[in-house]
Structures are given as structure tokens and as C-alpha cells.
Chemist: 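My questions will all concern the structure given below.
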Amino acid sequence: MTRWNWKGPRAGRYAALILMAVGLVAAAASMLSSRLDLSAETLKLSLQVSDAMIAASLFLAAFFIRQIVDDRRQIAESEQRFRRAMEDSAIGVAIVGLDGRIVQTNPAFAAMLDYSREEIEALTFFQITHPDDLQIGRETMVSLKEGKIDSFHFEKRYLKKDGTPVWAQLAGSVIRDADSNRPLYLVSQIEDIDARKKSEARITEAETRWNFALASAGQGVWDFDLRKGGTTYSATWVKLLGYADGELDGDPDRWLTMIHPDDRAVVADADRAHLAGETPFFEAEYRMRHKDGHWIWILDRGKALERDGDGRLTRAIGSLTDITQRKEAEARLIVSAAMLADEKERLKVTLQSIGDAVICTDAANRVTFMNPVAEKLTGVAAGEALGKTLGHVYWAVDEETGQRIGVARPSAGSPSPTDQNSRAVLIRRDETRCSIRQVVSPIMNERAEFGGLVIVFQDFTDARALQRQLAHAAAHDALTGLANRSSFIRVMEEMVDHGGKAGTTGSPGDGEHQFMFVDLDHFKQVNDTGGHAAGDALLKQVANAIRRVIGPDDIVARLGGDEFAVILKSGSAARGEIAARSIIDAIRGLNFTWDGRPHSIGASIGLAPIRPGCGAVDEIIARADAACYAAKAAGRGCVSTAPDEETQDGQAETPKPFAAAS
């Protein structure tokens with residue numbers, strides 16, 4: 001029976017039926033033997049055997065029936081345990097058919113995707129899987145059907161009810177028919193790993209930024225780990241030394257062979273002091289040999305992290321920084337400082353005789369030297385200035401901001417470049433001011449220690465005034481003082497660009513300006529009768545007349561000859577028409593007399609809007625010019641507005657002139 005029992009409830013059921021059949025056969029045999037002509041002994045023996053077989057059959061049948069009942073109870077209990085485990089599981093569990101249909105799931109899986117159980121059991125796993133991860137599910141299903149695998153384990157993204165992707169880890173197996181081994185369905189355990197995936201992504205992003213920062217700064221990282229077999233170096237560093245990635249990894253003592261012989265003692269002392277606990281960090285500057293043989297200076301910083309039971313170092317980590325340029329600069333400064341010390345007396349004589357003003361200070365910012373030019377420009381005698389702090393003698397401010405221009409000492413350990421400033425203003429002792437150009441240089445001694453400042457400055461007042469005059473002349477008309485054509489076009493281009501970026505609707509009045517093209521009427525007669533001197537005088541009066549009419553924020557320019565341009569920075573087309581008529585009235589009202597002869601002129605104006613979608617500057621000017629031509633054709637002395645849109649038949653509208661001002 002033990003041998004039968006291992007085959008399961010189905011085998012036990014078959015055995016019970018066989019035994020019952022045997023009992024029935026034995027009973028039939030006993031009944032038949034009683035009718036046969038047998039001896040008494042034979043008949044008795046036959047009946048005894050039959051009775052024994054019947055009793056044994058009944059006993060075994062009862063045993064196997066009870067066994068079957070027990071097996072069914074165990075199966076029911078097992079199913080109940082599985083059901084409870086599935087219902088109470090903290091992770092998702094799903095039974096999936098071979099066609100991908102979700103047969104049954106637990107509350108945890110439904111909640112993970114924000115579905116109800118009824119909703120999710122009406123779907124297939126294809127419908128709730130991220131499109132980019134469908135292939136892995138299909139491949140797994142094919143392998144299970146073909147019998148290549150019995151279990152699976154992979155990660156993929158599901159889609160929540162609202163379409164949000166969520167990462168999950170799947171582990172499961174296929175359930176097969178006990179007799180045919182045919183796959184029936186899949187049982188999957190689904191764990192929500194979305195938080196872990198997002199954390200990994202953040203860590204990866206942080207590592208990427210960290211590595212980028214190290215590479216940008218020219219820094220490398222070394223990691224000594226005795227348990228992992230030695231030292232590893234970051235890709236940035238090995239590349240800086242001319243090696244391939246991983247070429248230096250391994251031997252923890254190889255870096256010592258690459259150190260310049262003259263620097264090994266310094267490195268050994270720093271290493272010993274840190275390992276002995278005398279310093280919180282290992283720090284040393286030394287030269288290391290590049291793969292091609294030349295030497296580079298590096299700054300090496302590190303720290304011991306772990307030791308074994310005997311106190312020996314097992315883990316340390318640190319950084320390597322290329323400081324070759326800094327060391328070369330320091331070497332140059334040392335040479336320069338030595339040369340300055342040797343030439344001090346001769347330099348004093350030179351400084352006394354040069355045309356630039358020179359002030360020297362010590363490390364405490366006290367004045368140690370002033371040449372005669374510096375005395376003259378500051379208004380302070382050298383005898384009075386010596387020993388005083390620099391602020392008592394020299395006070396320079398920025399020409400534009402009015403803020404003081406500092407000449408403080410550089411911070412320790414940082415590069416000390418020369419500071420130049422061409423827009424400084426010196427405030428003298430008597431509160432008068434003069435424009436200067438200054439150069440401030442630090443003094444470093446042979447030990448690379450800060451020793452003071454040298455301030456060289458020149459009186460730049462005349463040059464600065466000339467610069468301002470030239471800048472004004474480049475942007476203004478020499479005759480009228482108005483903006484000239486080039487500067488006006490630049491301003492107009494900026495306004496058009498700004499309007500194109502700021503405006504989105506293009507509707508009238510939305511960031512709109514008004515452009516006027518002003519052309520004088522009968523101006524040629526003045527030039528012909530009075531000469532160019534008369535014309536120039538009249539143009540000045542016209543410029544003043546226009547400026548008086550428009551607002552302080554509006555722009556007026558002379559484009560050339562007798563052509564002027566005006567931009568009204570704010571206002572609609574109606575306001576532009578009113579302003580244009582005012583300009584026409586002002587020009588018409590000029591009482592211009594030359595050599596006792598009065599002259600009367602007028603003006604025609606073309607008006608065009610500047611707003612989003614109005615086109616380039618050349619197009620706007622062309623439209624206004626065409627409108628001005630229309631105004632002249634309409635009898636002069638009037639305003640014409642240029643259309644900025646096309647009519648329905650695609651033909652541009654003809655500018656319509658307005659009546660001349662009264």
C-alpha cells in the first residue's frame with residue numbers, strides 16, 4: 001500500500017475498485033462452488049478462501065475509500081491555503097491563461113495598477129503591459145508553451161488604469177497537466193519595484209553629474225581596496241596620464257614608481273603622517289611621469305577608510321588634480337619676484353621719471369611708494385601718504401555705477417592676475433574727479449607670498465571725453481543733433497525684434513508703435529535761392545520743431561537730405577495721425593527768413609505701424625515711404641497711412657491720404 005500511495009489519489013481510487021472487483025469475484029466463486037459436486041473438505045477450504053478474500057477486499061476497499069476522502073480533504077485544505085496566501089499576499093499574484101487572459105488575481109495586484117479585481121480580470125496581460133516591454137512577455141509565453149522553460153523571472157513595466165507606467169518584477173512558473181504534461185496556465189508573483197527603479201535612475205543621474213564635474217575640473221579618483229585586489233583609477237585620470245582605461249588598475253604600488261625621484265620623500269612623509277593619525281587627510285603635491293615621458297604636477301588628496309584587525313590599511317580613497325599650469329605660474333612668479341627684488345633701486349628711479357602715476361603698498365595695504373605723477377593726480381604729497389592705508393590716498397569708483405573699485409589683496413593660494421580697468425574715476429583729496437585707466441598688480445616674493453600691490457594709473461580724462469564725443473558723433477547727425485540713419489535703424493530693428501518675440505496675437509494696439517516718414521515740401525527752392533547755408537539753417541529749425549511736438553520718449557532722426565523719421569513708442573494709429581498733423585502744422589508754421597526773404601515750406605508724412613507680424617525694418621520703411629509718396633501725390637501737406645495687410649484679391653491697398661492740417 002505504501003508503494004501505491006505515492007502515486008496519488010487517482011492510483012488509490014483505481015486500486016480500491018480492483019480490490020472490490022476481486023471481492024465480488026470471490027463471493028461469486030463461493031456461491032458457485034456450493035453448487036458444484038465437490039468434496040466436503042474441498043468445499044470447506046474453498047469457502048474459507050472466498051470468505052477471506054471477501055473480508056480482505058472489504059477491508060482494503062474501506063481503507064482506500066478513507067484514503068481518498070483524506071486526499072480530497074488535504075487537497076481542499078491546500079487549495080484553501082493557496083487561496084488565503086494569494087488573497088493576503090502583500091505582492092501581486094495572478095493566474096494567467098496561455099492566451100494571455102488574466103484568469104484570477106489578488107487584491108494587491110489590482111491595487112498596484114489602480115483597478116478593481118473585476119476590471120483587471122476582464123483584461124489580458126497585453127493590455128496592461130507597456131508597449132516597449134510586450135516582446136519579453138511574448139517570448140516568455142512561447143518558451144513556456146514549447147516546454148523550453150518551466151519558470152520565469154524578469155522585470156517589465158505595467159500600465160496603471162490612468163496610463164502611468166510602473167516597474168514590476170515578475171517571478172512565476174507554468175502549471176502542467178499531471179498525465180500529459182501539457183501546460184495549463186501560469187502563476188505569476190508581481191512585486192512593485194517602481195520606487196527602486198526611480199531611485200536607481202536618480203543615483204545614475206547623480207553619478208553622471210559627478211563624473212562630468214570631475215572630468216570638467218580635470219580631476220581623477222583613485223580607490224585602494226586590498227580585498228578587491230589593489231587600486232583602481234577613474235577614466236579621466238588614466239587618460240590624462242596617457243594610458244587606456246584600466247591599464248593602471250591592479251598593483252597598489254605602481255603609482256610610486258611613476259613619482260619623480262625628487263618628490264618621493266615628500267610623498268612618503270605625507271603618507272606616513274596620515275597613516276600614523278597625525279593628519280586627517282593625506283595631501284601631497286608631486287610630479288608624476290606621463291606615459292610619453294614628460295612630467296605633470298598633481299595634487300593628491302586621500303583618506304584611509306578601513307583597516308584590518310592588525311591595523312593595516314585595507315581601504316582608502318582619494319582624488320588627483322592636475323596642477324601643472326598652477327605650478328608653472330608659481331615658478332614664473334618666483335622668478336619675477338626675484339628679479340623685482342634685484343632691480344628694486346633701479347625701478348624706483350625709473351618710476352620717479354615715467355609719465356604714469358604709480359602707488360605701491362605692502363601686504364597690510366599701507367602706502368610704501370608714490371611717484372610725483374601720483375602725487376599730482378591724487379592731490380596728496382608722498383611724505384603725507386607713506387604709511388597710510390591706501391583708502392586715505394587713492395579712491396577710485398566705477399564711472400557707470402559709482403561703486404568703489406576694490407584693490408584688495410588676493411586670497412591665499414589663489415591665482416593673482418593683473419586687474420585692469422579703463423572706466424575708473426579717481427576722486428581727489430579736494431573732491432574733484434578725473435577719469436583714469438588703472439592697472440593693479442600683486443607683488444609676490446620668491447616664496448610665492450603676497451607682498452603688496454602696484455597700482456599704475458593714467459589721467460584719461462581727455463581721452464574719455466574724446467571717446468564720448470566720437471560715440472555721440474557716430475550715432476547723431478552732425479547738423480541737427482538728431483539720431484542719424486544708422487543708429488535709428490538699429491533702434492528700430494531692436495523694437496521690431498522685441499515686438500516679434502513679445503506679441504503673439506498681432507492684433508492692433510498689442511505692443512504697437514507708429515513709424516512716420518517725413519519728407520519736406522518745397523525745401524529744394526530754399527536751397528536753390530538761399531544756398532546750402534540757408535538749407536542747413538532751415539533743417540535745424542525743422543529738427544527743433546519736430547522735437548517740440550513729439551513726446552520725450554519718442555524718437556526722431558534725420559535719415560538724410562530733407563527726410564526725417566519719427567517713432568512714437570506708444571499709441572494707436574489714430575494717435576499717430578494726430579501727431580503727424582501736429583508735425584505738419586509745426587513745420588508749416590515756421591517763420592523762416594534768409595537774407596531778408598521769407599520762405600515757406602511744408603511736409604508730407606507717411607504713417608506705418610510697428611507691431612508683431614509687420615515685417616522687417618526695410619518693409620516698414622518702404623510702406624511708410626510709399627504712403628508719403630501718396631500724400632505728396634494727393635497735394636502735399638497731408639498724412640497718409642500705409643496698409644499693412646493685403647486685400648482679398650491679393651492686391652495691396654493704395655495708401656489713403658488724410659486731409660492736411662488746418
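Each residue takes its place number in the sequence, starting with 1.
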Chemist: Is the number of heavy atoms from other residues, nucleotides or ligands under 6.0 Å of His294 NE2 greater than 12?
Modeler: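 Atom NE2 in His294 is crowded, with more than 12 foreign heavy atoms closer than 6.0 Å.
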
Chemist: Output, in order, the C-alpha distance, side-chain angles, deciding distance and verdict of salt bridge (Lys or Arg N to Asp or Glu O under 4.0 Å) for Glu494 and Arg490.
Modeler: CA-CA 6 Å; Glu494 292 175 0; Arg490 285 196 299 272; over 6 Å; no

Chemist: Would Tyr286 and Asp300 count as having a side-chain donor-acceptor pair, cut-off 3.5 Å?
Modeler: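 Result is yes, a qualifying pair exists.
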
Chemist: Can you tell if the side chain of Ile489 reaches within under 4.5 Å of the side chain of Ile621, non-hydrogen atoms only?
Modeler: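 A side-chain contact under 4.5 Å exists here.
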
Chemist: Looking at His392, I'd like to know if its NE2 atom is crowded, meaning that more than 12 non-hydrogen atoms belonging to other residues, nucleotides or ligands lie closer than 6.0 Å.
Modeler: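 Check fails, neighbour count at 12 or below.
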
Chemist: Yes or no on side chain to side chain contact (heavy atoms under 4.5 Å, CB included) for Asp223 and Arg315, after CA distance, side-chain angles and deciding distance?
Modeler: CA-CA 8 Å; Asp223 187 349; Arg315 181 76 189 279; 2.8 Å; yes

Chemist: Given side chains that start at C-beta, do those of Met370 and Val358 come closer than 4.5 Å, heavy atoms only?
Modeler: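 Not in contact.
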
Chemist: Please report the interatomic distance CD(Glu191) to CD(Glu155), rounded to the nearest 0.5 Å.
Modeler: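 Reported to 0.5 Å precision, the distance equals 9.5 Å.
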
Chemist: Output every pair passing side chain to side chain donor-acceptor pair (under 3.5 Å) with a member in residues 424-434, not counting sequence neighbours, ordered by first then second residue.
Modeler: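 Qualifying pairs: Glu384-Arg429, Arg428-Thr432, Asp430-Thr432.
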
Chemist: Using a 4.5 Å cut-off on heavy atoms from C-beta on, say whether the side chain of His476 contacts that of Leu482.
Modeler: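 No - every pair of side-chain heavy atoms lies 4.5 Å or more apart.
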
Chemist: Ring centres under 6.0 Å, that's the criterion: do Phe457 and Tyr394 meet it?
Modeler: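 Yes, close enough.
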
Chemist: Calculate, to the nearest 0.5 Å, the distance between atoms OG1 and CH2 belonging to Thr231 and Trp255 respectively.
Modeler: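 These two atoms lie 9.0 Å from each other.
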
Chemist: For a quick check under 3.5 Å, do Gln458 and Asp356 share a side-chain donor-acceptor pair by atom type?
Modeler: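 There is such a pair between these side chains.
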
Chemist: Set out, in order, the CA-CA distance, both residues' side-chain angles and the distance that settles salt bridge (Lys or Arg N to Asp or Glu O under 4.0 Å) for Asp133 and Lys156, then state yes or no.
Modeler: CA-CA 6 Å; Asp133 297 337; Lys156 75 170 187 178; over 6 Å; no

Chemist: Look up atom CG in Asp194 and atom CH2 in Trp167, then write down how far apart they are to the nearest 0.5 Å.
Modeler: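 Rounded to the nearest 0.5 Å, the CG-CH2 separation comes to 9.5 Å.
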
Chemist: Could you check if a side-chain atom of Lys569 sits within less than 4.5 angstrom of a side-chain atom of Met495, using non-hydrogen atoms only?
Modeler: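 Of all side-chain heavy-atom pairs linking Met495 with Lys569, at least one is under 4.5 Å.
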
Chemist: Going from NZ on Lys303 to NE2 on His274, what distance comes out if it is rounded to the nearest 0.5 angstrom?
Modeler: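 Taking NZ in Lys303 and NE2 in His274, the distance rounds to 5.5 Å.
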
